Amino acid sequence: MRKTARVVDADYRIDGDKPVVRLFCESSEGSFVAVDRDIRPYFYALGDDLEEIKKEISGGFEEEDEELPVIDTEIVERTDLNQEIEALKVYTTVPPKIPKLRRQVAQLKEVSDTREFDIPFYKRYLIDNEITPARTLELELSDDEEYDYALEKVRGLVEEELEHSTAAFDLEVIDDEIIMAAFRTDTEEKLFTTADIELGFVETLESEEQLLKRFKEYIKDEDFEIITGYNTDEYDFKRLRERFEKYNLTLDIGRLDERMKFDRRGRFSSARVKGRMHLDLYPFISHVMAPGLESETLDLDSVAEELLGRKKDDVSFEQMKDWWRNQQNLEEFAKYALKDADLAYELAEEIVPQIMELSRITGLIPFDASRLTYGQLTENYLLREAFNRDMISPNRPFRDERQKRRRQGAYSGGFVYSPEPGLYDEIALLDFKSLYPTVMVSHNISPDTLDVEGCEESFELEEFDYEFCQDEQGFFPELIESLIEERTEIKNKLENIENGGKKHKSLDSRQRALKILANSFYGYLGYEGARWYSREAAEATTYLGREYIQDAVKHSEEEGFEVVYGDTDSVFLRKQDLKNEIEGFLENVNAELPSFMELELEGYFKRGFFTSTDSGEGAKKKYALLGEDGSMKITGFEQVRRDWSPIAKETQEKVLRKVLENEPEAAAEIVKETIEELNDGKVDVEKLKIYTTLTKEPEEYGSTAPHVEAVKKARKRGEEIKPETTVAYVITRGGGTISSRAELVKYADSYDAEYYIDNQIIPVSLRALKVFGYTEDQLKGKGKQSGLGRFGG
DNA sequence: CTTGACCGGGG
DNA sequence: GTGTACGGTCAAG
């Protein structure tokens, strides 16, 4: 029979001595599991005499009483970087035998190398059978004795818009007990709790055990396709597992009554719910989206504020504990819990379509696509594209190789133009569209075009003793070019589609996913853990990037522009009649660039402020811009970091705003007033708290740190503070070191004005005001200001 | 300037 | 599970 369906999850089991791949599918008639039992795991062996290797290994091996059979071999032709080679494909019975068998085979003297022995089996299967998750496929199915169907054949179908039933959830845990579980789904808001709360969305359960049972029942009954939340891997599901265990309950919320398990991946573990897509939003935000976000902290509230424009309203954990212990304000507590599920749901509406698109492009199951880092995303895409081209993949470097790569040290990165510190009016920001990817395409920079033997036309760089062959397009440039071209096509289509509609959203998600991937190749080349690592290619790319931006700077100066600043792929320019001049300038520059590259106008700014380093030179990567709409964009200043007190951050923001309004005197006045308030003892301790996370038991810390000392003292007072708690402390008055005077906010009966002035207010303020001739003493009102107005007007 | 410890998100 | 994977910042050396 035939069915139209999407594969949303995949894994494998061992049935006897045969692997069975399970594909979890969704169709318009519901979900089902299709299995493939006709598969043989394999890896490659290389050497000069493959026939001899074949003979040597045909009897199989044994290791610690485990049979490692070789059930078949096959000599195949493959491309290895820029060489055509023959490889021996070695098959065995089940996947876990692959690494062991490979070790045995690698030891033979005839074997020069072994390849593709460390690719998780479900990934290998999806690649080899050209199954792309999250795409609509036509499946040819037959009956299976154990699962819904056996898979016979797969055929791809056209793209269609995806809709997935989604539930976002959030737990509230107090004193290790799960007291609330909030859900926001496509159709309703729901809160399970053990408290008596009279609100429409609340369902009260009589015990935590009942709550857990209801949690599971709800997910299974509603049969959600996507379960999401914020940091659910590392928090919510860990708590759930502990509490389910406590009551001897099974945490089986997937589609096959199998217990949820944690997949280990490096320093994280991921909660795998078989058959549903558990997509934790936090890893995707931190791995993939963070570089493009302004917010420096990635807590749910900040991220939601930036991406959704939702106002922050965070309740402190202390506050919640008090509410719960005194059984007060429970309605408010419930609303707070629901708000977090709500934010996660709304974030998911923005982010999940991008994850699904990345999954479609890279061929990773959504579970993986949502959690992998940039490098891993790129590598999985490369593995699939390499397979499609009959290429054999390089091995992942082992520890010693990684160390070697690391020891080579850094190569030069982007060019940064040193700004003259001060204020500038009316500036234009120009930048190269995807500088590194387009450089790689324009000059055919790729691991497989490096130093090709017998190459006819090479691109050489005087500085380096290697070259890139231009005879045939390389692997990376080919992939980048097609990704960028597809993206351009989609962007053109988008211009003719009304914003806000479903079609628009799905295309927009796709173009973003394509951008993410196209931009990942350069970083991947220089990533020490990469299979296709090429320091030469990475180094040549940044070298050329520097050439292009420096050319642009030179060109601007020749055409009478004042270059204010530039970094890697951007330049800030100034000139009389700026807006009229820019257009022609861009045309001239672009006419000289390779056709795939483009310098474009990012925008105009009313004013820009560039600060100085301690030694008085122009600081790089630290500036503030005032947009034409009055918005302020701050780069590199402390203002957004959480290890600074609120008062320091607020003061810096106010100071920068005044500076951008060309009122440095008013800015200095703000600092003086703040200092006065601090000295008068008028400042609320809430504005003085500094957050740090206690990561281990206080005794285990080698060095003294303020937050550790504060916790030690609080514990002596009987406070229970466990590792992994984020504490807020204040530096109080008295003698001794700073650490010895640190107290948790609730125990702070005074504050050390001098500390906050010298270590918080003065440093952040001087960062902006030193340029205008202010010194520490002047801001403290102790001396005269010199050189005022140097940059005024 | 280089090296090693620490930290993130969640309650 | 064809396992064992980050990247940036800051204080100390």
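Just so we're on the same page: letters track the sequence lines, and every chain starts at 1. Here the structure is a predicted model, which means the values were calculated and not measured.
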How would you label the contact of [X] with the nucleic acid (heavy atoms, under 4.0 Å): base, sugar-phosphate, or nothing?
{"X": "L300(A)", "result": "sugar-phosphate"}
{"X": "N395(A)", "result": "nothing"}
{"X": "D263(A)", "result": "sugar-phosphate"}
{"X": "P120(A)", "result": "sugar-phosphate"}
{"X": "L298(A)", "result": "sugar-phosphate"}
{"X": "D118(A)", "result": "base"}
{"X": "F43(A)", "result": "nothing"}
{"X": "R115(A)", "result": "nothing"}
{"X": "L171(A)", "result": "sugar-phosphate"}

Tell me the interatomic distance from [X], atom [atom1], to [N], atom [atom2], rounded to whole angstroms.
{"X": "K238(A)", "N": "dG9(B)", "atom1": "NZ", "atom2": "P", "value": "16 Å"}
{"X": "I365(A)", "N": "dG1(C)", "atom1": "CD1", "atom2": "P", "value": "10 Å"}
{"X": "F268(A)", "N": "dG7(C)", "atom1": "CZ", "atom2": "P", "value": "11 Å"}
{"X": "H287(A)", "N": "dA5(C)", "atom1": "NE2", "atom2": "P", "value": "14 Å"}
{"X": "R267(A)", "N": "dC6(B)", "atom1": "CZ", "atom2": "P", "value": "15 Å"}
{"X": "E379(A)", "N": "dC6(C)", "atom1": "CD", "atom2": "P", "value": "13 Å"}
{"X": "L343(A)", "N": "dG9(B)", "atom1": "CG", "atom2": "P", "value": "16 Å"}
{"X": "D170(A)", "N": "dG10(B)", "atom1": "CG", "atom2": "P", "value": "9 Å"}

Next item on the list: Using a strict 4.0 Å threshold on nitrogen-to-oxygen distance, state whether R265(A) and D368(A) make a salt bridge.
Entry: yes
Margin query: Under a 4.0 Å threshold between the charged nitrogen and the carboxylate oxygen, would K246(A) count as salt-bridged to E208(A)?
Written below: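 Not counted as a salt bridge, because no side-chain N and carboxylate O are separated by less than 4.0 Å.
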Next item on the list: Name every residue in residues 89-104 of chain A that has at least one heavy atom under 4.0 Å from any atom of DNA chain C, in order of residue number, or write none if there are no such residues.
Entry: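 Correct list: P95(A), P96(A), I98(A), P99(A).
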Next item on the list: Output all residues satisfying side chain to side chain donor-acceptor pair (under 3.5 Å) with T232(A), sequence neighbours left out; order by chain, then residue number.
Entry: H278(A)
Item checked: side chain to side chain donor-acceptor pair (under 3.5 Å) partners for D176(A), two or more places apart -> K722(A)
Note to self: Heavy atoms from C-beta onward define the side chain here; which of dA5(C), dG1(C), dG11(B) lies closest to that of R402(A)?
What the structure shows: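 Of all the options, the side chain of R402(A) is nearest to dA5(C).
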Note to self: Does any part of the side chain of Y755(A), heavy atoms only, come nearer than 4.5 Å to the side chain of Q760(A), both counted from C-beta?
What the structure shows: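 Yes, side chains in contact.
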Check: Could you give the distance from OG1 (T362(A)) to CD (E385(A)), rounded to the nearest 0.5 Å?
Finding: 10.0 Å
Next item on the list: For dA5(C) versus dG1(C), give the span between their C1' atoms, rounded off to a whole number of Å.
Entry: 14 Å
Checklist line | Pairwise P distance, dG9(B) and dC10(C) [rounded to whole Å] | finding: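 My reading of the P atoms in dC10(C) and dG9(B) gives 15 Å.
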Next item on the list: Step through it carefully: locate the ring centre of Y235(A), locate the ring centre of Y230(A), and say whether they are under 6.0 Å apart.
Entry: no
Checklist line | Test applied, salt bridge (charged side-chain N to carboxylate O under 4.0 Å, His left out); reference residue, D11(A); option that passes from K123(A), K274(A), R272(A) | finding: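 Exactly one option meets the salt bridge (charged side-chain N to carboxylate O under 4.0 Å, His left out) with D11(A), and it is K274(A).
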Next item on the list: Can you run through DNA chain B from 5' to 3' and write each base as (, ), [, ], | or . depending on how it pairs? Watson-Crick or G-U wobble, both distances under 3.5 Å.
Entry: ||||||||...
Next item on the list: State which residues pass side-chain contact (heavy atoms from CB on, under 4.5 Å) with Y527(A); sequence neighbours excluded, sorted by chain then number.
Entry: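 Expected list: R402(A), Y524(A), A530(A).
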Item checked: Test salt bridge (charged side-chain N to carboxylate O under 4.0 Å, His left out) applied to D233(A) - qualifying residues, sequence neighbours left out ->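 With sequence neighbours excluded, D233(A) shows a salt bridge (charged side-chain N to carboxylate O under 4.0 Å, His left out) to R371(A), given in chain and number order.
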